[in-house]
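Report on the structure given below.
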Amino acid sequence: MPPVTHSSHWGAFTATPAGDELHITPFAGDPDPSPLLDNFTDVLRHPARVTRPMVRKGWLEQGPGPDARRGADEYIAISWAQALDLAANELQRVADSFGPQAVFGGSYGWSSAGRFHHAQSQVHRFLNTTIGGYVRSVWSYSSAAASVILPHIAASQDEISRRGVSWREIAEHSEIVLSFGGLALKNSQVASGGMSEHTERGYMRQAAERGAQFISISPLRHDLPDEAAGEWIPVRPGTDAALMLALLHTLWRHGLSDEDFLARYCTGWPTLVASLNGTQDGTVRDAAWAEAICGVPAAHIVALAQRLHGKRVVVTVAHSLQRAQHGEQPVWLGMVLAAALGQPGLPGGGYAYALGALGHYGKAFNRVSFPSLPQGNNGVDEFIPVARIADMLLNTGAPFDFNGQRRRYPHIKLAWWAGGNPFHHHQDLARLRHAFCQLDTLIVHEHSLTATARHADLILPATMTLEREDVGGAPTDRHLFAMHPVAEPWGDARDDFAIFRDIAARLGREEAFTEGRTVREWLQHLYGQMQEKLAQEGVKTPDFDRFWQQGVLTLPQVDDGGRMMRRFRDDPDAHPLPTPDGKIQIYSATIASFNYADCPGHPVWLTPDEQPDAQHPLWLIANQPATRLHSQLDYGRHSARHKQQGKEVCMMHPTDAAARGITEGAMIMLHNLRGAVLAAVTLSENIMPGVVQLPTGAWYDPVDPLAARPLCRHGNPNVLTRDIGTSSLGQGCSGQITVVQVSLFTGDVGEVQAFVPLNQQERL
Ligand code: PGD
């Protein structure tokens, strides 16, 4: 087979089969391809693939219903005909008895690149067209707190992150890039939908060579790449809001705040000043006050504030900062800091929330994007903030607060998941298991035997992108790719679309789901829609067959990053921001009217209620991994190569290690009230003392799945993280940090089992 084009969230490539493996060549136009591409080489025929439909024994024998055995039961391989009948009958039963409001179709997860086979869209379309809807989830695990607060204070997250200050502007104009949480390339190497040109490293190098100064405020040195040639200011995890308040206090106190900008373009600066200078409650939020909280010496805070004054400064705040209790606050304060420096709307200045957190941000936009699969109409008006899934399943009917609303958790009987891995993305996994045990039925489509699949009642084997045809593209990527199949589906795997089509047929809704189109016809149809829109703009494109043959198409783009803020700065009356009075809200009357103690009307420092103590003296940072996207292809070559003794690697400061008798490469146990995790340790001065770091994404592998405090022998930190919302406002995921104790581990709990096939699965 000749090499064919393909695409993934971490890059485009061509693939050539080489025995059971693939030879991967990065897209020739990519200046800095991601090493994650290597994860594709050996996964097609890996034992961790799901090769046959499987049913959980307890569910098959006793029928649907709450069951504490989920996660520890046996599985039986069945035929597709049986699996599809079981799924169709169960969906019909639940819809008939309880209505579509008893079905949870949120199905959160990144799935794979490919516009048509996007798994979550397929689930939504299927449920809308067969039973008339489902309970949905809103926002994301990535950025829920920011997504909710940004529209209150300035504009949508899309405007501030995707269409905000661009990398190009930074390379050309910024004098200081002040980055809370850094600009790690491991994060910006991925973009959902695809990313054919990795340009972040080059832009940072260009800016640094021009003389721009990068300052990274983070507990981890390597959150800023070497190319930025920047400075590292270590800060205690989760305390950036205090540091930002002290920077603001210093600017104000020393007469360095841009009072003209604050008066003309902002609402509420005097209210914040009253909280900074102690008028409001007697506490002065100055550098000395912040030092005690964040660990940055007061003199450094003052010097930093003075250094920012009068410079072209862009402030960035990483997604990770808002993935914590009160995560809304640093997002808000980043904007206030940029405003106090008078920077929003200047080229290379202002606020670039989440720049560097994903490859989409700070880029140009396609004039026309490839359309997504239409999802149909959802007749159910109930939803949950995405990270409240366990709360919903454990607290049926209970009220919850969210963004000024008081809602109630619906009673869910059946959850349908495709393209996501809750036992990767959710916090407090013992609680999550308990929550999933409340369901009547959990149906999971997966190409791999993730922990989520291992908790399902029905596991339906899905194809990988490598085994199907699709079109790859993202609104910020000027290349559109024909994703050609590289291999035949492994085992009995079928595309999510084919699975849903056959279940829809059993429910008498096949035509409604497919609209009479095959996969190829859908691709042609969606391509045709894009072609038509481009034609209206006077852009000619090849017909589908030619595109399919040539493999890649370059789309016209517009580079209008930062346009909204620039126009606002030029004329705030003619171009107000989409806030109640058209200005940046340093005080938000809307947020104040919600009366949330955990998110009041102006930004604040609120001490998180979990703090290091004698039992759990260390902060744990559970951040994004560098060797895979989330938990995807954890068994792939690149991810596997970076484990030690099959376990994930935890970074620790040598002083903390020495105090515990821990040496380089030792096996350690991280533990707290929620459970324990084993990992290999690496010692480094690139992490603050008092902090350990264990990335997410190692597949959950509990020694005893039913334990109230499980021990994961592979290194999944979400055993340890807390399942609480960021605040009543955003209710986002707060899995980024928690507290732990770390000890040397010398016991024997056997080999990691996460990638071993299920007991009854017949190996092909
Ligand atoms: P993935 O590992 O990408 O994680 O959570 P998410 O669930 O998105 O899961 C996608 C799954 O889809 C994989 O299991 C993959 O095999 C499957 N899949 C891929 N393609 C297909 C397909 O075509 N069909 C089907 N049926 N399945 C497919 C990510 C989430 O985790 C996110 S976005 C963030 S930002 C959060 N980050 C953190 C964090 O920083 N710290 C902690 N502690 N926890 C987090 N969780 C969140």
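Side chains included, hydrogens not; waters and symmetry mates left out as well; all remaining heavy atoms used. Counting starts at 1 for both ligands and their atoms, in listed order. In this chain, residues are counted from 1 in sequence order.
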Heavy-atom distance to atom 28 (C) of ligand 1: which of Gly109, Ser143, Ala113, Gly419 wins? Gly419

Distance to 0.1 Å, residue and atom name: give those for the protein heavy atom nearest to atom 41 (N) of ligand 1. Ala622 O, 2.8 Å

Where ligand 1 meets Gln736 - atom numbers and elements under 4.0 angstrom, heavy-atom basis: 39 (C), 40 (O), 41 (N)

Determine, using heavy atoms of Gln427 and all atoms of ligand 1, whether some pair is separated by less than 4.0 Å. yes

Do Asp634 and Arg628 meet the salt-bridge criterion of a basic N to acidic O distance under 4.0 Å? yes

Which ligand 1 atoms are under 4.0 Å away from a heavy-atom of Asn718? 42 (C), 43 (N), 44 (N)

So, do Ile412 and Leu393 sit near enough that their side-chain heavy atoms are less than 4.5 Å apart? yes

Would His714 and Phe755 count as a close aromatic pair, with their ring centres under 6.0 Å? yes

Which ligand 1 atoms are under 4.0 Å away from a heavy-atom of Ser142? 33 (S), 35 (S)

So which protein heavy atom does atom 16 (O) of ligand 1 come closest to, and at what separation? Glu446 OE1, 2.9 Å

Is any side-chain heavy atom of Val719 closer than 4.5 Å to a side-chain heavy atom of Cys712? yes

Which residue owns the protein heavy atom closest to atom 7 (O) of ligand 1, what's the atom, and how far is it? His425 ND1, 2.7 Å

Please list the nearest protein heavy atom to atom 22 (C) of ligand 1 with its residue and the distance rounded to 0.1 Å. Asp496 OD2, 3.5 Å

Evaluating non-hydrogen atoms only, which member of His319, Gln624, His424, His117 is closest to atom 35 (S) of ligand 1? Gln624

Touching ligand 1 at all, Cys733? Heavy atoms, strictly under 4.0 Å? no

I need the atoms of ligand 1 closer than 4.0 Å to a non-hydrogen atom of Trp110, numbered in the order shown. 3 (O), 8 (O), 33 (S)

Proximity of Tyr361 and His319 rings by center, below 6.0 Å: yes

Look at ligand 1 and say whether Arg49 reaches it with a heavy atom at a distance under 4.0 Å. no

Would you mind checking if Arg70 and Asp457 are paired as a salt bridge, meaning a charged N to carboxylate O distance below 4.0 Å? yes

min-distance protein heavy atom vs atom 20 (N) of ligand 1 -> Ser112 OG, 2.5 Å

Looking only at the aromatic ring of each residue, does the gap between the centers of Phe126 and Trp416 stay below 6.0 angstrom? yes

With sequence neighbours left out, the residues meeting salt bridge (Lys or Arg N to Asp or Glu O under 4.0 Å) with Arg713 are Asp701

Would you mind listing which atoms of ligand 1 come within a distance below 4.0 Å of any non-hydrogen atom of Thr450? 14 (O)

Could you tell me which atoms of ligand 1, counted from 1 in the order shown, lie closer than 4.0 angstrom to a heavy atom of Ser631? 1 (P), 2 (O)

Verify the ring-centre separation between Trp10 and Phe40: is it less than 6.0 angstrom? yes

Near Tyr108 (heavy-atom distance under 4.0 Å), the atoms of ligand 1 are 33 (S)

Should Arg323 be counted as touching ligand 1, given the test is an N or O pair under 3.5 Å? yes

Return yes if a side-chain donor-acceptor contact under 3.5 Å exists between Gln157 and Ser143, otherwise no. yes

Within the side chain of Gln322, is there an N or O that forms a donor-acceptor pair under 3.5 Å with the backbone of Ala145? yes

Do me a favour and list the nearest non-hydrogen protein atom to atom 3 (O) of ligand 1 with residue, atom name and distance? Gln632 NE2, 2.8 Å

Looking at Asp723 and Arg674, is there a salt bridge between them, counting it only when a charged N and a carboxylate O are closer than 4.0 Å? no

Taking only residues two or more places apart in sequence, or in another chain, which ones meet Arg501 in a salt bridge (Lys or Arg N to Asp or Glu O under 4.0 Å)? none

Are any of the N/O atoms in Gly735 less than 3.5 Å from those in ligand 1? yes

Closest to atom 26 (N) of ligand 1 among Arg722, Met464, His445 (heavy-atom distance): His445

Protein residue, atom and distance nearest to atom 23 (O) of ligand 1, heavy-atom basis: Arg468 NH2, 2.6 Å

Can you find a non-hydrogen atom of Pro717 under 4.0 Å from ligand 1? no

Just go through His630, Gln122, His9, His447 and tell me whose heavy atom is the nearest to atom 18 (N) of ligand 1. His447

To the closest 0.5 Å, what do you measure between CG (Leu466) and NE2 (His484)? 13.5 Å

Minimum heavy-atom distance Ile78-Leu458, with the two atoms named: CD1-CD2, 4.2 Å

Applying a heavy-atom cut-off of 4.0 Å, say which part of Asn421 lies close to ligand 1: side chain, backbone, both or neither. both

Which heavy atom of the protein is the closest neighbour of atom 42 (C) of ligand 1, given with residue, atom name and distance? Thr696 CG2, 3.3 Å

